[in-house]
Amino acid sequence: MSLVVTNLSKKYGEKTVVDHISFSLEHPGVYAFLGTNGAGKSTSLRMMLGMLAKDSGTVTWKGKPLDTMETNVGYLAEERGLYPKFTLMDQLLYFASLKNVSKEDAKKRIDYWVERLELTEYFHPPVVGKKKPKPMTADQLSKGNQQKVQLLAALISDPELLILDEPLSGLDPVNMDLFKQVIHEQVDAGKYIIMSSHQMEVVEEFCEDITILHHGKAVVQGNLNEIKKSYGRVNMFVKTEEPIDDLIEASGLRVINKTPNGIQIRVTGQEQADEFLDMLVTGKGSIEPTRKTIVRFELREPSLHEIFVEKAGENVEDEAQ
Amino acid sequence: MKHSRFHGTGKVFNFTFSQMMKAKGFRFTLILMILFSACYYPISQFFSRRGGGVSEVEETSIETLYVIDESGLSFMDWFAFDKAGLDRIEVPKIVSSDMTYDAFVEKLKESEEKIALLHVHRVADEGTFYYTLVQGAKTPIEKKDLEVLQKAIQGSVFTQLLEYMKVTKEQMTLLNMEIDTDTNYVEVKTIGEPADEKTDNKGVNQDQYTFIMLLVVVTSMLISMSGEYVSSSIVMEKSSKVVEYLLTSIRPIALLFGKIAAVFLVTLFQILIMVFSYVASVVIYHVVADGFTVSQAFEKVSSIIPVNVDITISPLNLVIVICFLLAGMLFYTLIVGVIAASVKNVEEMQERMKSYTLLLFVGMFGSLGITIMNITSGAPAILEKIASFIPVISPFLVPGYLCSNRISIGIALIGLAILFVSVYFLLFFAARCYEYLIYYQGQKLKLKDYLNIFKNEKGGNDNA
């Protein structure tokens, strides 16, 4: 195993912000760290990186305590940060030097990533007239472009372990695709990545293993497919041309969501779904016992989003009680 | 290979130094400082000479000075005003008159010319020579013109008298030396027990005062400028959140030290540039305006800082002074670093820096207060000694007082040792607090909060 986190805990006064979290990265890929705002994701990541002292727990990398001074770690912080008034090139060269990357290598890598992340016009502004353009500073960039520069900073040392705290938040769809491509490339290159995010569809695209944090506790943890399987195929989506509210009521099912695209219904499993399908086909139990015209009928496992909302919701309800 | 806690300090130093030197604000301030230093001397000289204040080149509107010498002083040469003791004076035409004093006074009454009379006579009974300058009622000569001439005559007579008596300048200095008496009260003690010595404390003289004030000002500049740079740099890194990225590659204490080292060098560079500009302006001014040679002009520069019997700048003193400046700067920048780390953003900085500013004022004005007491009535010697041992005050006080022979090398070394020990402990305190506070986003901290952080040794952010 490469990264092993065991019993990581942190308290501020009486408040526990991270409560005995354990997980491991066994092979290259993306590990998702999910949670609501204030769930303890960033605090956990900071403790792993050694920026914050932990109350208990260990973090090891390849069998030794993880030390970011000794291990090549890339980090994209949730709270983005660049020197606003220094030139982009100056600060990236500085970041590279702190990561023990030689100036020549740093320049080569910066050139590569500048082109890959479509930042050329900001690092090498076009010459207008005879005047040589001034190098650009971070405060001259849009938020999205600053985020790209920060991703560049995280990748500049070609890290073995990459920690991305909310890497896709605030990006437009085009840049989000660009970031996703880069993350895929890093996975293909055999990198270990820990990613925290609120965007469940993105996590589902990348991650095999997840931890969902809620108020500092790991409420769901493990392989995403297995977690979904454990829930079973309990989500039924139905769309018919005729109204079926009386049928749903008659069969005692619970409507989760109702949209123009259909109705999402919670069932206990395959058997209950088959019974309902039979009712739709035969019209049995309906006020008008006629066959319904089925446009869509789907039975599937819950999405990560649904699991997340359910788990976080459960905890919120528990606390309210 | 395991890296030390200070690994990367050099890289932070290089980056901070180069970025500070590149900053527009820094270059603008530097140009202003150079202009101020370079223009101060020539402008002050210009106004001083124009306003009739004390200056080397003095003018008089008197065109002709008539001399009636009834003193019988054979050595006096009234045509040798260049020996007046003043460097330069615009000398009127000097004519020896054969007229009697009364006849010449009658002539002056009606004259509208720019002429004056110097009447030299001796009153044997009083043992006094009188040099009387007389001007007519209708002459346009002003009183200040006569005063200028009066100074020149006094200088000339004195210089020629010395030459006549073959007294050298050194002998004259000895003759002029003030003879003063101190009384020491020594209590009788048994053998092996040191005797307490109570000494009357004389105040500082003008040369010492100027020198001490100069060093206090330089030290204050060095410390306050470096504190300002360090605090704004820390707050900027914290408010822009860049510190979070940096801390994956470097320990907080290395980050703080790299900054302090760079800031110290930049501040030192600024001060040296200012000193250089000032010296250059003095030299150029005297070469251009007064026709001095370069070496004469440099002598003029050296006369600005008087090194004499009251001021000693020995190599040992110099080493101690530099140590005090370095340790003092480190002492204050470590404090400012810790306070700045508790600040969320630039807006909060001024509010949170009050305690640091207060401390700086205590140091600065403590040493100034003692110096002012010395120039008026003389501060008790024990006060100077105690102040030399207080780390907040000693960096401002000891350099000037050591070189002015106000405190002994032993006292200075004890003060330095105390300062070093304070810096050593502050270093640990700052390291621990800085590492904790770098993520701190909470309320203003009190001293006891800092002590708790130091005691608990836990990093964290209350709002994380």
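Protein chains get the first letters and strands the later ones, always in sequence-line order, with residue 1 at the start of each.
- Between R251(B) and D67(A) there is a salt bridge, since a side-chain N of the basic residue sits under 4.0 Å from a carboxylate O of the acidic one.
- In this structure, chain B has heavy atoms under 4.5 Å from both the backbone and the side chain of L98(A).
- Both the backbone and the side chain of S97(A) have a heavy atom closer than 4.5 Å to some heavy atom of chain B.
- In the model, Y75(A) has a side-chain atom that pairs as donor or acceptor with a side-chain atom of E244(B) under 3.5 Å.
- Between chain A and the residues V12(B), V242(B), N14(B), the most heavy-atom pairs under 4.5 angstrom are made by V242(B).
- Looking at A138(A), there are no atoms closer than 4.5 Å to chain B (heavy atoms on both sides), in backbone or side chain.
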Determine, step by step, whether L3(A) and I194(A) satisfy the side chain to side chain contact (heavy atoms under 4.5 Å, CB included) criterion, reporting the C-alpha distance in whole Å, the side-chain angles of both residues, the deciding distance to 0.1 Å, and the verdict.
CA-CA 10 Å; L3(A) 183 80; I194(A) 299 175; 3.3 Å; yes

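- Per-residue heavy-atom pair counts under 4.5 Å with chain A were compared for K24(B), Q19(B), K22(B), M236(B), and the maximum is reached by Q19(B).
- Salt bridge status for K62(A) with E160(A): present, with a side-chain N to carboxylate O gap under 4.0 Å.
- Close placement of the F15(B) and Y83(A) rings is indicated, their centers lying within 6.0 Å of each other.
- In terms of non-hydrogen atom pairs under 4.5 Å with chain B, the most contact-rich of L76(A), D90(A), V73(A), L49(A) is D90(A).
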